[in-house]
Amino acid sequence: PALASVVRKGPLYVTRCPPPLVDMHLRWWASTTSPSSSSSPPPLTTRSYSHGSHDQRRKATEASESELEAYREELKAEMFEEGASKHRTRMLRELRLESGLSSGHALAIIGHLLYEGLLFHHKHFTLAMSCLAERGLWRAAKSLLDEMRIRELQPNVISYNAAIHACEKAAAWKPALQLLEEMGQDGARPDVITASLLVSSCEKASQWQVALTHFQFACAGGLQPDQKLFTAGLSA
């Protein structure tokens, strides 16, 4: 079983395991590419190797996992040196795309913050999901919504928009529509940003009929279309 972590929930602390999807995506990253690479990973369901024997691939995987494990230990040491609050602030700042951090290392940081119980507020999760969105890591972004619920943090429209943005970056239109349904279940009301991201994700996936349908739904639902929503609708 995965190592347990301590998560803060108000005045109480509970023991639970690290997030399965973030952990899965991180392990996948280590098994397919070097963490020093700045390119974005393909979907979790498509593992492919273009060359090299099984033994070579195994050794490369072990090396990548070893490097990420060393990185996690380095982060833990920095946390004790800086203090939890300062460390969390610096980690969330380093997650920004302009920092040049690879996707593998970004996932390692988020896993580290979750494992150490340093993400326990809406704004923490929203910032983390926004950073994942810039890299198109929608699976990891969606898993953070589940982590919020586990911590009894009800995802709001800002949280959902951050996760849908990740889907939009990766043209993952079906997961984006699934998130729209989950919004209704959580009582989060979609806004014009939600509509823009949904229409754009469908347009990027060449699903123009679905894109136009949601554009019409947004207008009929009383949302005032902004420039981004009009642009997404016209592009479709």
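Since the structure is predicted, the reported quantities are computational estimates derived from the model, not experimental observations. Just the heavy atoms: all of them, side chains too, but no hydrogens, waters or symmetry mates, feed the values below. Along the sequence shown, residues carry numbers from 1.
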For Lys142 and Gln178, run side-chain hydrogen bond (donor to acceptor under 3.5 Å, both in side chains): C-alpha distance rounded to whole Å, both residues' side-chain angles, the deciding distance at 0.1 Å, then the answer. CA-CA 10 Å; Lys142 284 190 67 178; Gln178 180 184 356; 3.0 Å; yes
Carefully, step by step, assess Leu197 and Ser200 under the rule side-chain contact (heavy atoms from CB on, under 4.5 Å). CA-CA 5 Å; Leu197 292 170; Ser200 180; 5.7 Å; no
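Scanning for side chain to side chain contact (heavy atoms under 4.5 Å, CB included) contacts around Ala176 gives Ile164, Cys167, Leu198, Ser201, with sequence neighbours left out. Applying the ring pair (Phe, Tyr, Trp, His ring centres under 6.0 Å) criterion to His124, with sequence neighbours excluded, gives Phe120, His121. When the side chain to side chain contact (heavy atoms under 4.5 Å, CB included) test is applied to Leu127, the partners found at least two apart in sequence or on another chain are Leu92. Applying the side-chain hydrogen bond (donor to acceptor under 3.5 Å, both in side chains) criterion to Lys169, with sequence neighbours excluded, gives no partner residue. Every residue two or more places apart in sequence or in another chain that forms a side chain to side chain contact (heavy atoms under 4.5 Å, CB included) with Arg93 is listed here: Thr89, Arg90, Arg96. Partners of His122 under the ring pair (Phe, Tyr, Trp, His ring centres under 6.0 Å) rule, at least two apart in sequence or in another chain, do not exist in this structure. Applying the side chain to side chain contact (heavy atoms under 4.5 Å, CB included) test to Pro190 and every residue at least two apart in sequence or in another chain returns Leu180, Met183, Thr194. For His112, the side-chain hydrogen bond (donor to acceptor under 3.5 Å, both in side chains) criterion is met by His87, not counting sequence neighbours. Residues satisfying the side-chain hydrogen bond (donor to acceptor under 3.5 Å, both in side chains) test with Asp186, not counting sequence neighbours, are Arg149, Gln154, Tyr160.
For the atom pair CG of Leu75 and CE of Met91, the computed distance is 5.5 Å after rounding to the nearest 0.5 Å. Between Glu94 atom CD and Cys131 atom SG the span is 11.0 Å, to the nearest 0.5 Å. Here the NZ-CD distance, from Lys86 to Glu81, works out to 9.0 Å after rounding to the nearest 0.5 Å. Rounding to the nearest 0.5 Å gives a distance of 12.5 Å between CZ of Arg72 and CD of Glu74. From Leu119, atom CG reaches atom CG of Leu113 across 5.0 Å, with rounding to the nearest 0.5 Å. Here the OG-CZ distance, from Ser196 to Phe215, works out to 9.0 Å after rounding to the nearest 0.5 Å.
Nearest heavy-atom pair across Ala195 and Ala218 is CB-CB, 3.7 Å. For Leu95 against Ala106, the heavy-atom pair with the smallest separation is CD2-O, 3.5 Å. Of all heavy-atom pairs spanning Leu118 and Ala84, the tightest one is CD2-CB, 3.7 Å. In plain terms, the two heavy atoms of Ala166 and Ala141 that are nearest each other are CB-CB, 3.8 Å. A pairwise comparison of heavy atoms in Val157 and Arg189 identifies CG2-O, 3.4 Å as the closest pair. Contact record, Ala172 with Pro175: O-CD, 3.3 Å, taken as the closest heavy-atom pair.
Two residues are said to be in side-chain contact when any heavy atoms from C-beta on lie closer than 4.5 Å; Met129 and Met148 meet this criterion. Annotation: side chain of Ile110 is in contact with side chain of Leu144 (closest heavy-atom distance under 4.5 Å). Residues Tyr71 and Ile109 have side chains in contact (heavy-atom distance under 4.5 Å, counting atoms from C-beta outward). Using a 4.5 Å cut-off on side-chain heavy atoms (C-beta onward), Glu134 and Ser130 make no contact. Side-chain contact check for Leu179 versus Leu145: some heavy-atom pair is nearer than 4.5 Å.
Using a 4.0 Å cut-off between charged side-chain N and carboxylate O, Lys76 and Glu73 make no salt bridge.
More than 12 heavy atoms of other shown residues, nucleotides or ligands fall within 6.0 angstrom of atom CG in Leu177.
Every pair passing salt bridge (charged side-chain N to carboxylate O under 4.0 Å, His left out) that includes a residue from residues 156-168 is listed here, sequence neighbours excluded: Glu168-Lys204.
Using modelled atom types and a 3.5 Å distance limit, the side chains of Asp146 and Ser143 yield no donor-acceptor pair.
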